[in-house]
Amino acid sequence: MGIAKIYDPLIIENKWLVKWEKEDFFKSEPNEKNPYTILIPPPNVTGILHMGHMLNNTIQDILIRKARLSGYNACWVPGTDHASIATEAKVVNKLKEMGIKKHELTRDEFLEHAWDWTNKHGGIILNQLKQIGCSCDWSRTKFTLDKDMYESVQNMFIKLYDEGYLYRDKKIVNWDPEAKTTLSNEEVIYKEKTTKLFYLKYKLESSEEFILVATTRPETIFGDTAVAINPNDKRYKNLVGKKLIVPLVNRVVPIVGDKSVDSEFGTGYLKVTPAHSEKDFEIGLRNNLDIIDIFNDDASLNDYGMHYKSLDRFSVRKKIINELDEKGLLDRAEDYTHNIALSERTSCVVEPKLSTQWFVRMKKLSKPALDLVLNGDIQFYPKKYVKTYKNWLENIRDWNISRQLYWGHRIPVFYLKEDKSKYVVCLSSSEAVKLFEEKYNIKNLNSDEIVQDEDVLDTWFSSWLWPISVFDGVRNPDNSEIKYYYPTSDLVTGPDIIFFWVARMIISGNYLRQDIPFRNVYFTGLVRDKKGRKMSKQLGNSPDPDILIKKYGADGVRVGLLFCAPAGNDLLFDDTLCNQGKNFSNKIWNAFRLIDGFKIDESQKRKSHNEFAIKWFNENLNMKVLSINESFNNFKISEALMNLYKLFWDDFCSIYLEIIKPEFGKGVSQKLKRSTLTFLEKLLTLLHPFMPFITSEIIDQIVSYKNFNIIKSNWPESIKFDSEIIENFNYSIEIVSKIRHFKKQNMLSFKDDLKIYFENDLMDNQIGIVKKLTNCDLIKKQIKGKDSETSFIVGKYGYVVDQKNKILNEIDVDKLKEELNYNLGFKNILEKKLSNENFVSNAPKEVIQKERKKLEDVKSKIEILEEGIKKQNN
RNA sequence: GGGCGCUUAGCUCAGUUGGUUCAGAGCACUUGGUUUACACCCAAGGGGUCGGGGGUUCGAAUCCCUCAGCGCCCACCA
C-alpha cells in the first residue's frame with residue numbers, strides 16, 4: 001500500500017494553501033446566483049492571531065464553505081482595521097524606545113512613522129488566517145484607511161452633519177492623560193480599588209466654624225466653585241445663602257442645594273468641581289457656577305494649582321494632604337473602596353475633563369434599529385443577547401466621536417483661524433473656502449487662514465460603515481456590488497462588541513440604505529483556558545496558533561475548537577480536543593486507505609447483506625444530512641460537527657466498512673467499490689467546511705474524481721429517508737451489540753463462533769450482518785420447552801444461545817428481572833395514566849395515542865422477558 | 001444600583017411547545033482485545049434523586065415562587 005499509514009497534515013496543508021492561492025478558488029463576483037456574504041470583523045492591522053480570532057474565523061469559514069457547497073455565490077470579504085488608539089499607542093511606545101517623543105513630531109512626521117509600522121506589521125494576521133484555511137476572497141482585502149474607505153468615512157460625517165445629526169459641544173468627557181485623547185464610555189474599564197477618603201475642613205466665611213467635606217481627590221480643591229448639599233437635608237436651611245472658604249485656595253464659594261447629592265455619603269456635603277466631574281458639571285449648570293479647569297492635558301496641574309503647578313495629579317494628592325494636615329485642615333482619612341475608571345488602552349486613570357468634541361445625536365438615528373431586531377428581521381444567536389441589545393438601545397446616549405489622535409480619519413471640518421466658532425464641514429480646504437463664502441459671506445480666504453480640525457474620528461465611526469463601505473456603497477449607493485451583496489448574510493463576532501459595533505452597523509445600515517446590514521448575528525463566546533481563566537499574555541495560558549497548527553494540523557485545530565464551542569457560551573479550550581481533531585483526520589485518512597486498497601474481484605458471490613448495508617447507509621446518510629442541515633440553520637455548528645463525527649466514525653467506519661470489508665486477500669465488486677466511494681465523497685463534502693485540507697486532498701486522490709472540485713461540489717441533497725430500512729438495520733446492530741456483550745461477559749473471544757438460535761423472523765440480510773460483525777451464526781428454530789436448554793433474550797424478537805454448557809449457567813437472570821421490573825413499573829404508570837379521566841380528557845389526542853402505543857410495546861416486551869426468565873429457570 | 005444569564009454523569013455541554021423507549025453526547029474512566037485500514041485503533045461496561053426547598057399540574061430537568069452558589073453586561077458617588 002503506497003499511502004502513508006499516518007496522516008501528516010503539514011505537507012498536505014501547505015500544498016493546498018499554495019494551490020488555493022494560485023487558482024483563485026474563492027473569488028466572487030456578482031452573478032446570477034444568490035449571494036451569500038460574510039464580512040470579516042476586521043482585526044487590528046498590526047495585531048497577531050489569537051485564539052478568539054481562530055474560533056471566530058473558523059466559524060466564518062465553515063459557514064462560507066457550506067454556502068459555497070450549497071450553490072450560493074459565496075463572498076467572504078477580508079480586511080483589517082486601523083484601530084486608531086491601539087495602533088497609535090503602539091507606535092508611541094516604539095518611538096519612545098527610539099528616544100522620540102510624540103509631541104516633538106509634526107502630524108505628518110508621526111503619520112510617516114505610523115505607516116512604517118503598519119507596513120512592517122500589517123497583514124501578518126491575514127496570512128495567519130490563510131494558514132487556518134480561511135477561504136476569503138483575498139482580492140477584496142480592505143483596510144479602513146484605504147483611500148476609498150477614508151473617503152466613505154468622511155462622506156458619512158458630512159452627510160450626518162448636513163442632516164442635523166452631529167453637533168459640537170463642551171462636555172465632560174473621559175480623558176486619557178497618557179494618550180492625551182478622549183475615550184468613549186465603552187473604552188473605559190472600572191476596577192475596584194481601596195483608596196483614602198479624606199475629610200477636609202471648609203471654614204464658613206467670617207466665622208471660625210467649619211464643615212467637613214469628604215473627598216477622594218483633595219488635589220481638585222483648586223477647581224472647587226461650590227459646596228453642595230441635598231435640599232432635603234435638615235442642615236440645609238441653616239446654610240442657605242452662606243459661603244465657605246476653600247482650604248489653601250482661600251476662594252469664597254457658595255453653598256448650593258442640589259437633589260443629586262446623597263446625604264448618606266460622607267458628611268452629606270459635596271465639593272463641586274464642575275470642570276472635573278460629570279455630576280459636578282451638571283450641578284454647575286443648574287446653579288450657574290464658575291468652571292475652573294485645573295489640569296494640563298497630561299493631568300499635571302496648571303496655573304490654578306498655585307505652588308503645585310506642573311506637578312502630576314497623584315504626587316499633588318500626597319503633598320497636599322501633608323500640607324492640609326500640617327495646617328490643621330484635614331480632619332481624618334478613612335479607607336474607601338470604590339471603582340476607579342481606567343483607560344482600556346493605556347491603563348492609566350481616566351481624568352474627567354471638560355472639552356469641545358463632536359457628538360452624534362443617537363436617539364432618532366437609532367430608533368428603527370431596535371425594531372429590526374425585536375421583530376426578527378435580524379436574528380441573534382443565541383437569542384439572549386436581544387435583551388442586552390434592547391437594554392442598551394433604550395438607554396442610548398449621544399456618541400462622542402472626536403479623538404485627539406493622529407492615526408485615523410481626520411475630522412472633515414475646517415475652522416476660521418481667527419475665530420474657531422466659524423467652521424464649515426467638507427472634504428477639502430478648497431471646498432471650505434467656497435463654503436465659508438456661502439455660509440458666512442467671508443470672501444477670498446487664503447488657505448492658510450483656515451485650519452482643519454486636528455482630531456480624528458473614533459475607530460468605530462469607520463467600523464459602523466464596514467458592511468457598506470467595503471462595497472463602496474457610501475460614496476456610490478447605487479453601484480452594482482452593493483446592490484448585489486448587501487444586505488450581507490451572517491455576522492460572526494463576540495458579544496463584547498455588541499454596542500461598539502453590531503448595534504451601530506444596524507443603525508448606519510438603516511440610515512444609509514433603509515435596510516439591515518446582515519440577517520443573522522452569531523455571537524461566539526470567549527476562549528478561556530481549561531481552568532476557565534481568560535487567556536492573557538501575563539498568565540501565559542494563550543497557546544500560539546502557529547505551534548498548535550504545526551502540532552495538530554489546521555484541520556485538527558479547527559475541529560478541536562469547534563468541539564467545545566456552543567454559540568454564546570465561553571469555551572474552555574484544551575489541547576486534547578485538538579488532538580481529538582487530529583485523530584479524526586487520521587481516521588478519515590485510514591478509511592480512505594482501506595477503500596482505496598479494495599481490489600476488484602467480480603468472481604465473489606454477491607452478498608445480500610452488503611446490498612443491505614448500502615441501502616441502510618444511503619438512508620442513514622439522508623437522515624443525518626437532514627439533521628446536519630437543521631443544525632446549520634440554527635447555527636449549532638458544533639452540534640453539526642459532532643453529528644458528522646459520529647456519522648463518519650461510528651456509522652461509516654465501525655459499521656458500514658466493517659460489514660463490506662472483504663476478507664483478507666479477497667476483493668470487492670466494482671459496484672460495491674463505486675457505492676462506497678460515492679459515500680466517501682459525500683461524507684468528505686459534508687466534512688469539507690470543517691476540515692478543508694484533508695477533504696480536498698483525499699478527493700483529489702480518488703482517481704475517478706480527478707476533475708472533481710470539492711470546493712464547488714454539491715452539498716448532498718436530502719429531503720426524506722426510509723425509516724423502515726434504518727430500523728431493520730439498527731435492529732441487527734442491536735443484536736450485534738448484545739452478542740458482543742454476551743461474549744465479553746463470558747470471557748469468549750471475538751473469534752469464537754457461537755450458534756445462536758432465534759425464534760422470530762429475521763431477514764436474511766439481517767442475519768448476514770450479524771454473522772459478519774460477530775462471527776456467529778443465527779439459526780432460525782422454533783424452541784419448545786426443554787429443548788431450549790440455553791436461552792438468552794435480547795430485544796423484542798428474542799433469541800437463544802447454545803454454547804453447550806458453560807455459558808448457560810452464567811446468564812444473568814437478575815439483569816432480565818431488573819429489566820422486567822422496570823417495564824412492569826412503566827406499564828403501571830401508563831395504565832394509570834390512561835385510566836385517569838383527567839388525562840384522557842385534557843391531554844391532546846396525539847399524546848394519548850402515543851401513550852397507547854407505548855403501552856402496547858411495553859406489554860409485548862414484558863411478555864418476551866417473562867418467557868425468557870421462565871426458560872432460564874427451567 | 002439597573003439589566004441579563006447559568007447550576008444536568010469526573011470534565012465540557014445537549015435536552016425545542018411540560019408527556020417516564022430523554023435522563024443523553026463527546027471526552028475521561030474500567031475491562032478485554034494487535035499478523036489482515038487506523039493503538040492517532042477495536043469492542044464492551046460503570047457513572048447522575050437534573051443546585052436546595054416549596055408550589056402549579058393527571059404528569060416537571062422543562063412552568064411559578066423562594067433560598068444558595070457562580071458569571072456577564074450597563075451605570076457609577078463624591
Side-chain angles (χ1 to χ4, degrees), chain A residues 1 3 5-7 185-186 190 197 213-217 220 228 260-262 264-266 269-273 277-280 336 338-339 341 382 384-388 390-392 394-395 397 495-496 498-499 526 530 532 556 563-564 566 568-572 574 576-577 579-580 582-598 634 636 638-639 642-643 645-646 653-654 657-658 661-665 737 740-745 747 749-751 822-823 825-826 829-830 832-833 836-844 846-848 850-851 853-854 857-858 861:
Chain A
M1 207 173 275
I3 307 168
K5 194 164 162 178
I6 302 284
Y7 175 65
N185 290 332
E186 288 80 3
Y190 292 88
L197 186 61
V213 174
T215 180
T216 55
R217 302 201 58 194
T220 63
S260 69
V261 178
D262 175 7
E264 302 295 313
F265 188 89
Y269 293 103
L270 168 69
K271 69 189 221 38
V272 183
T273 323
S277 150
E278 191 171 352
K279 182 170 176 172
D280 290 14
Y336 177 56
H338 62 137
N339 284 332
K384 64 178 176 185
Y385 289 112
V386 172
K387 288 183 181 170
T388 311
K390 181 168 179 255
N391 195 258
W392 186 72
E394 283 174 345
N395 298 296
R397 309 205 293 177
D496 50 331
I498 189 166
F499 311 132
L526 235 62
K530 65 177 166 189
F563 269 144
C564 57
N569 280 15
D570 286 357
L571 60 106
L572 307 191
D574 187 350
T576 61
L577 289 167
N579 200 45
Q580 201 184 333
K582 184 187 169 197
N583 292 352
F584 188 36
S585 303
N586 196 53
K587 185 73 184 175
I588 297 169
W589 185 250
N590 274 288
F592 161 61
R593 276 180 73 222
L594 173 69
I595 300 165
D596 190 64
F598 284 165
N634 293 301
K636 296 187 172 181
S638 27
E639 183 182 276
M642 185 50 73
N643 279 330
Y645 178 81
K646 288 190 280 191
C653 294
S654 297
L657 288 180
E658 287 302 324
K661 185 165 86 175
E663 280 156 46
F664 186 56
S737 290
R740 284 169 172 171
H741 176 51
F742 177 81
K743 279 186 170 176
K744 168 131 181 158
Q745 272 199 326
M747 315 281 276
S749 134
F750 168 75
K751 286 176 188 159
Y822 174 83
N823 281 289
F826 187 27
I829 289 165
L830 289 173
K832 220 163 146 189
K833 193 186 276 185
N836 181 332
E837 266 184 46
N838 269 327
F839 173 70
V840 181
S841 54
N842 291 333
E846 302 124 20
V847 173
I848 298 171
K850 237 164 110 184
E851 298 300 297
K853 173 89 168 59
K854 282 183 198 167
D857 289 352
V858 100
K861 205 169 199 169

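Treat the numbers as computed from the prediction; the structure is a model and nothing was measured. Atom set for the values below is all heavy atoms of this structure, side chains included, hydrogens, waters and symmetry mates excluded. Naming convention: chains lettered A, B, ... in sequence-line order (proteins, then strands); numbering from 1 in each chain.
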J.: For A:F592, give me all partners under ring pair (Phe, Tyr, Trp, His ring centres under 6.0 Å), at least two apart in sequence or on another chain.
T.: A:W589
J.: What pairs with A:N391 under side chain to side chain contact (heavy atoms under 4.5 Å, CB included), at least two apart in sequence or on another chain?
T.: A:N395
J.: Got a sec, which residues hit side chain to side chain contact (heavy atoms under 4.5 Å, CB included) with A:S654, two or more places apart in sequence or on another chain?
T.: A:W649
J.: How would you list, by chain and number, every residue that makes a side chain to side chain donor-acceptor pair (under 3.5 Å) with A:R217, sequence neighbours excluded?
T.: A:E219, A:E351
J.: For nucleotides B:U17 and B:A61, find the distance between their P atoms and express it as a whole number of Å.
T.: 16 Å
J.: For A:K582, what residues pass the side chain to side chain contact (heavy atoms under 4.5 Å, CB included) criterion, not counting sequence neighbours?
T.: A:Y552, A:N579
J.: Only counting residues at least two apart or in another chain, list the ones meeting side chain to side chain donor-acceptor pair (under 3.5 Å) with A:N583.
T.: none
J.: Say we look at B:U8 and B:G52: how far apart would their C1' atoms be, to the nearest angstrom?
T.: 15 Å
J.: For A:K661 and B:A37, is the shortest distance between a side-chain N/O and OP1 or OP2 below 4.0 Å?
T.: yes
J.: Atom pairs under 3.5 Å, N or O on each side, protein against nucleotides 28-33 of chain B: can you list them with distances?
T.:
| residue | atom | partner | partner atom | Å |
| --- | --- | --- | --- | --- |
| B:U31 | O2 | A:K744 | NZ | 2.0 |

J.: Can you tell me, in whole Å, how much space there is between the P of B:A75 and that of B:A14?
T.: 29 Å
J.: Set out, line by line, the N/O atom pairs under 3.5 Å between protein and nucleotides 2-7 of chain B.
T.:
| residue | atom | partner | partner atom | Å |
| --- | --- | --- | --- | --- |
| B:G5 | OP1 | A:K387 | NZ | 3.1 |

J.: Just jot down the side chain to side chain donor-acceptor pair (under 3.5 Å) partners of A:E658, sequence neighbours excluded, or say none.
T.: A:K661
J.: Counting the atoms with a prime plus P, OP1 and OP2 as sugar-phosphate, which does A:Y645 contact under 4.0 Å by heavy atoms, base, sugar-phosphate, or nothing?
T.: sugar-phosphate
J.: For A:K387, give me all partners under side chain to side chain contact (heavy atoms under 4.5 Å, CB included), at least two apart in sequence or on another chain.
T.: none
J.: Using the C1' atom as the point on both nucleotides, what is the distance between B:G5 and B:U49, in whole Å?
T.: 26 Å
J.: Ignoring hydrogens and angles, state whether a donor on the side chain of A:K271 or A:T273 is under 3.5 Å from an acceptor on the partner side chain.
T.: yes
J.: I'd like to check the side chain to side chain donor-acceptor pair (under 3.5 Å) partners of A:K743; sequence neighbours left out, ordered by chain and number.
T.: none
J.: Requiring both pairing distances under 3.5 angstrom, list the stems that contain RNA chain B and are made of three or more consecutive Watson-Crick or G-U pairs.
T.: B:1-7 with B:68-74, B:10-13 with B:24-27, B:29-33 with B:41-45, B:51-55 with B:63-67
